[in-house]
Amino acid sequence: MMTPLEELRHSASHILATAVLRIFPDAKLDIGPPTDTGFYYDIDLDHKLTAEDLARIEAEMKKVVDENQPFLRSEVSRDEAAEIVKSRGQERYKLGRLADIPEGEKISFYKNGEFMDLCAGTHVRYTSKVKAFKLLSIAGAYHRGDEKNKQLQRIYGTAFPSRDELAKYLEQMEQAKQRDHRKLGRDLKLFVIDEDVGQGLILWTPNGSIIRQELQNFISEELRKQGYSQVFTPHIGKLELYKISGHFPYYKESQFTPVVENESLARILGEGCSCAEMVVRLDAVSSRLAAQINERTGRETITPDRVRPDDQLIEGFMLKPMNCPHHIKIYASQPRSYRDLPVRLAEFGTVYRWEQSGELNGMTRVRGFTQDDAHLFCTEDQVAQELLGCLSLVKIILTTLGMSDYRVRVGLRDPDSKKYTGQKENWDKAEEACRQAARTLGVPFAEEPGEAAFYGPKIDFVIKDVIGREWQLGTVQVDYNLPIRFDLTYSGADNQPHRPVMIHRAPFGSMERFCGVLIEHFAGDFPVWLSPEQVRLVPVSEKTLDYSRELLARLREAGVRASVDEHNDKLGAKIRRAEIEKVPYTLVLGGKEAEAKSVSIRSRAKGDEGVMPFDQFLPRIQEEIRLRSLSGKKTPA
RNA sequence: GCCCAGAUAGCUCAGUUGGCAGAGCACAUCCUUGGUAAGGAUGAGGUCGCCGGUUCAAAUCCGGUUCUGGGCUCCA
């Protein structure tokens, strides 16, 4: 059953189809459902739709609305339905859609004017009910969402019960555009992406680097409190490392091509090795490694066809697509006792993944990014406690940033599938631990069977920003697989080797995505502790330039980020500049202030706050920074 | 990767049927020395994304390519 709004939008999509068929009678229709924000219709049409076509179609839709056609439902048999579809020349997609309807379910059509569509309904009574609508864009969309199928043209639009609501929605879209991190990133000089450096590779400019550094400092402080050790590891690792972990060639598609050693490359070229052969050899492993992995995992994890003689193997390195193998090697670098556990290794680790070019987006979807990563090595019994620790960290940081609106998804195994590694009892324990941990947060959480990784259950964080958009950021994952593949052990109280459990966690995902979300969350109005420039000193005239410079030195000495506006402009223009650059505090310095060693405070949050001695202002802002207070933030619109 | 649309000064954009490259903001210099969101004048700044083609002549037309945007697919 549709909500009234969905009904309205669904009806709008039928009106869209009606209009399209009037203009392009040979259009073949697929489906046209309502969405969260509007509706679309997928259409197969040789003519490439243009923006002008969109205007024409919209005008025709208005006519259909004015014609005030009733939406009429009729129920028919399966054979009759097929006949209707064929008689209208719509068999290309509609017959397939008809076949999707389960046996025994009612088959219905909805008719308005000359248009009739296979449709479960429901609809508004008359086309005239759809008063406030707008077509928004044309996009390509694969039939049934499968990239192997033909790509259809999708027309997106939206509809609301009233024109006011439509106008409000369009206004909201406009505002969202204003706070887009790509726009703010450029305006506030936070980051750039350069064509010559590469797509999806972020260059953090000085201002953005300050924000990232402050966040990292903050996270690091919390990690130290929680007993983490910070480590550094290189950006590359040998191909074999990822063959042991199983990431290569399994995730080869989403990794940068391996860096092949010069000697290896020269030898292969000398042999006149074909491309196909080269690919096989890249994937291949030595018989020694295959035997090891198969022994450890207790099954034929590496099949004999992947094994090649040593002289055919290709030596090379990979840009690391994840940090775990490196951290595992740190764990494995010395004997571990149960008394040492948990070992918590944290790193702001930069990883590289080959995202498809069409899905790159600003800072939120990139090819090189730095995870706030950590790997916890613990005993079975410690898993639950460690999960709690991970979640409390998330809670502290999100609360500090004023992002307390979030939910978690607990990914559990699919009870019917056999793809999971590890023992059932461990899974049961780990899943229950995830469930319990999520419960302690006091935020909504959903259990999703089948969403677990093959090596363990996980907890995902979905964060809602101030304008209601949701962002999937980090995850916490329990892993039984890698400790086996790397043969990790610790000595237990019984003096026997035991297998540790690993927890992977990157609660904020990556610094890039997190900062991107943060930019939009704050609309660039960062709290004082995160602001690249915390104080702008504005001399009323050149006469107080010296006083301004004196205060600048004192602020810098005190660790406050500040600058003097030395432009030859009037006060109003300097205030405006500070306002546009979103500096939280502007100190206006005229003759009176210089005389009294005071400052006239204008804050981003409250405007003109009056005059105060500088010696009083300094501790005030220092305290605000120290507390990582949100109070300096402009109240969100 | 696929579909569609773009790319002109640091930014936002104009540029007609192919005929000398434009505006506003920002920037620099000078005048002005000021009291809470734009004082005035002058100036500098461009191989019109890149490569090739058509043409007497290309920002403009054609082909290719790179990047960007909106979607689709994907996201360990």
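Computed over heavy atoms, backbone and side chain alike; hydrogens, waters and symmetry mates excluded. Lettering of chains follows the sequences in order, A, B, ..., and the numbering in each one begins at 1. Predicted model, so just to flag it, every value in this text is computed and none were measured.
Of the nucleotides present, none pairs with G34(B) by Watson-Crick or G-U wobble criteria with both distances under 3.5 Å. Look at G6(B): its Watson-Crick or wobble partner, with both distances under 3.5 angstrom, is C67(B). Base pairing analysis places G52(B) opposite C62(B); the two distances defining the Watson-Crick or G-U wobble pair are each below 3.5 Å. C74(B) is unpaired under the Watson-Crick or G-U wobble criterion, no partner having all donor-acceptor distances under 3.5 Å. Summarising the base pairing, A14(B) is matched to no nucleotide, lacking a Watson-Crick or G-U wobble pair whose two defining distances lie under 3.5 Å. Taking a pair to require two hydrogen-bonding distances under 3.5 Å in either a Watson-Crick or a G-U wobble arrangement, G45(B) remains unpaired.
Here, U54(B) and G18(B) have their C1' atoms 12 Å apart, quoted to the whole Å.
Considering only side-chain atoms of R576(A), the nucleotide from C2(B), A38(B), G34(B) that sits closest is A38(B). For Y455(A), taking side-chain heavy atoms from C-beta onward, the closest of the listed nucleotides G70(B), A76(B), A37(B) is A76(B). Of the candidate nucleotides C72(B), A76(B), U32(B), U32(B) has the atom nearest to the side chain of E542(A). Listed nucleotides: G1(B), U32(B), C74(B). Nearest to the side chain of E355(A): C74(B). Closest to the R182(A) side chain, of the nucleotides U33(B), G69(B), A37(B), is G69(B). When distances run from any side-chain atom of I575(A) to the nucleotides U36(B), G34(B), A38(B), the shortest one goes to U36(B). The Q356(A) side chain lies nearest to G1(B) when the options are G1(B), A76(B), G34(B). Of the candidates U68(B), C11(B), C31(B), U68(B) carries the atom nearest the Q199(A) side chain, counting heavy atoms from C-beta on. The side chain of R365(A) lies closest to C75(B), out of C75(B), U36(B), G34(B). Checking U36(B), U33(B), C2(B) against the side-chain heavy atoms of Q151(A) singles out C2(B) as nearest.
Residues H10(A) and F39(A) keep their aromatic ring centres 6.0 Å or farther apart. Separation of the F191(A) and W204(A) ring centroids does not fall under the 6.0 Å cut-off. Here F248(A) and Y242(A) keep their ring centres 6.0 angstrom or further from each other. Y156(A) and Y41(A) have their aromatic ring centers separated by at least 6.0 angstrom. Aromatic pair Y455(A)/H504(A): centroids less than 6.0 angstrom apart.
OP1 or OP2 of C72(B) has not a single side-chain nitrogen or oxygen of N149(A) nearer than 4.0 Å. Look at K543(A) and you'll find a side-chain N or O under 4.0 angstrom from OP1 or OP2 of G34(B). At G1(B), one or more side-chain N or O atoms of S357(A) fall inside 4.0 Å of OP1 or OP2 (strictly under the cut-off). In this structure, H567(A) reaches the C27(B) phosphate: one of its side-chain N or O atoms is under 4.0 Å from OP1 or OP2. Residue K570(A) places none of its side-chain N or O atoms closer than 4.0 Å to OP1 or OP2 of G39(B).
Between the CD atom of E359(A) and the P atom of C3(B) there is a distance of 16 Å, given to the nearest Å. At whole-Å resolution of the value, CG in D44(A) and C1' in C72(B) are 15 Å apart. Here the C1' atom of nucleotide A26(B) and the CG atom of L188(A) are 15 Å apart, to the nearest Å. For the pair E195(A) CD and G69(B) P, the interatomic distance rounds to 12 Å; values are reported in whole Å. D565(A) places its CG atom 13 Å from the C1' atom of A37(B), with the value rounded to the nearest Å. L360(A) places its CG atom 14 Å from the C1' atom of U66(B), with the value rounded to the nearest Å. Between E174(A) atom CD and U12(B) atom P there is a gap of 14 Å when expressed in whole angstrom units. Regarding M318(A), its CE atom lies at a distance of 12 Å from the C1' atom of A76(B), rounded to whole Å.
We find that K458(A) and E431(A) are not joined by a salt bridge, their nearest charged nitrogen and carboxylate oxygen being 4.0 Å or further apart. Between R365(A) and E359(A), at least one side-chain N (NZ, or NE/NH1/NH2) sits under 4.0 Å from a carboxylate O, which counts as a salt bridge. Classification of R413(A) and E451(A) as a salt-bridged pair fails, no side-chain N sitting under 4.0 Å from a carboxylate O.
F454(A) comes within contact range of no nucleotide atom at all, as no heavy-atom separation falls under 4.0 Å. Nucleic acid contact class of R154(A) (heavy atoms, under 4.0 Å, all strands): sugar-phosphate only. Note on R186(A): only backbone sugar-phosphate atoms sit closer than 4.0 angstrom, heavy atoms only; bases stay farther off. Within the nucleic acid shown, K592(A) comes within 4.0 Å of at least one base atom, counting heavy atoms only. Contact annotation for E253(A): no contact, since no heavy-atom pair falls under 4.0 Å across all strands. Using a 4.0 Å heavy-atom criterion, one finds that G358(A) contacts the bases of the nucleic acid, with or without backbone contacts as well. If you check every strand for non-hydrogen atoms under 4.0 Å, G572(A) touches sugar and phosphate atoms only. Contact annotation for A573(A): backbone-only contact, meaning every heavy-atom pair under 4.0 Å involves sugar-phosphate atoms and none involves a base. In this structure, H504(A) reaches neither bases nor backbone, as no heavy-atom distance under 4.0 Å exists between it and the strands shown. Within the nucleic acid shown, A139(A) comes within 4.0 Å of at least one base atom, counting heavy atoms only. G607(A) comes within 4.0 angstrom of no nucleic acid atom, judged by non-hydrogen atoms across all strands. At a threshold of 4.0 angstrom between heavy atoms, the contacts of D146(A) with the nucleic acid are absent. Within 4.0 Å (heavy atoms only), Y156(A) reaches sugar-phosphate atoms of the nucleic acid but no base atom. Heavy atoms of Q255(A) sit under 4.0 angstrom from at least one base atom.
For C74(B), the base has no donor-acceptor partner in the side chain of R353(A) [N/O atoms by modelled type, under 3.5 angstrom]. The base of G35(B) lies close enough to the side chain of E593(A) for a donor and an acceptor atom to sit less than 3.5 Å apart. For Y142(A) against G1(B), a side-chain N or O and a base N or O form a donor-acceptor pair under 3.5 Å.
Side-chain contact of D30(A) with H143(A): a donor-acceptor pair under 3.5 Å is present, judged by distance alone.
Both P321(A) and K574(A) sit near RNA chain B, but only K574(A) has its closest nucleotide nearer the 5' end. Toward the 5' end of RNA chain B, the nearer of the two residues D608(A) and L49(A), judged by each one's closest nucleotide, is L49(A).
Around the CG atom of D46(A), the shell of radius 6.0 Å holds no more than 12 heavy atoms that belong to other residues, nucleotides or ligands.
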